[in-house]
Amino acid sequence: QVQLVESGGGLVQAGGSLRLSCAASGGTFSYYHMGWFRQAPGKERDVVAGISFMSGGSTYYADSVKGRFTISRDNAKSTVYLQMNSLKPEDTAVYYCAASSRLRSWVDSREKMEYWGKGTLVTISS
């Protein structure tokens, strides 16, 4: 079983920055596509960013965060990161790390993810 643990969430003012980390264990990290999802109150859990297996893999970003967020991975440390800049109040949500061994596309990927972390809360004040 793959275990994923997120960290780095917290409270930050609009316009600020935050970096989330997701540490993986119990599997071969380099074999998994890794993604960040978020869920705000009353809304569905949607993909924020994704990165394919292997360091330097191709990346995907939701339109709402493109240009502001950057996903990266360090396979040697079995860790994936999400650097969030120019944060907005609408970015407030619980952010989840997820892993998949096989994925065709990041669009509608939520139900295809095999492992999930428990989430970390990000709150952006206005």
Under a single-linkage definition using a 4.5 Å side-chain heavy-atom cutoff for Ile, Leu, Val, Met, Phe, Trp and Tyr, are [X] and [Y] assigned to the same hydrophobic cluster?
{"X": "V48", "Y": "Y96", "result": "no"}
{"X": "Y31", "Y": "I51", "result": "yes"}
{"X": "L87", "Y": "L82", "result": "yes"}
{"X": "Y61", "Y": "I124", "result": "yes"}
{"X": "Y32", "Y": "M113", "result": "no"}

Notebook entry, point to check: Hey, does the side chain of S52 reach the backbone of S58 with a donor-acceptor pair shorter than 3.5 angstrom?
Noted result: yes
Check: Taking the side chain from E6 and the backbone from L20, do they hold a donor-acceptor pair closer than 3.5 Å?
Finding: no
Closest non-hydrogen atom pair, [X] against [Y]:
{"X": "V47", "Y": "S109", "answer": "CB-OG, 4.1 Å"}
{"X": "V12", "Y": "S17", "answer": "CG2-O, 4.0 Å"}
{"X": "E44", "Y": "R110", "answer": "CB-NH1, 3.7 Å"}
{"X": "L4", "Y": "M34", "answer": "CD2-CE, 4.0 Å"}
{"X": "S30", "Y": "N75", "answer": "CB-ND2, 3.8 Å"}

Would you check if [X] and [Y] make a side-chain contact, meaning some heavy-atom pair closer than 4.5 Å?
{"X": "F29", "Y": "K77", "result": "no"}
{"X": "R38", "Y": "V65", "result": "yes"}
{"X": "Y115", "Y": "Q1", "result": "yes"}
{"X": "C97", "Y": "W36", "result": "yes"}
{"X": "Y81", "Y": "R19", "result": "yes"}

Check: Parallel, tilted or perpendicular: which describes the rings of Y60 and W106, with under 30° parallel and over 60° perpendicular?
Finding: parallel
Notebook entry, point to check: Listed by chain and number, what are the ring pair (Phe, Tyr, Trp, His ring centres under 6.0 Å) partners of F37, not counting sequence neighbours?
Noted result: W116
Item checked: Separation of R73 CZ from H33 NE2 (nearest 0.5 Å) -> 8.5 Å
Next item on the list: Starting at NZ of K118, measure out to OG1 of T120 and round the result to the nearest 0.5 Å.
Entry: 13.0 Å
Check: For S72 and Q83, does a side-chain donor sit closer than 3.5 Å to a side-chain acceptor?
Finding: no
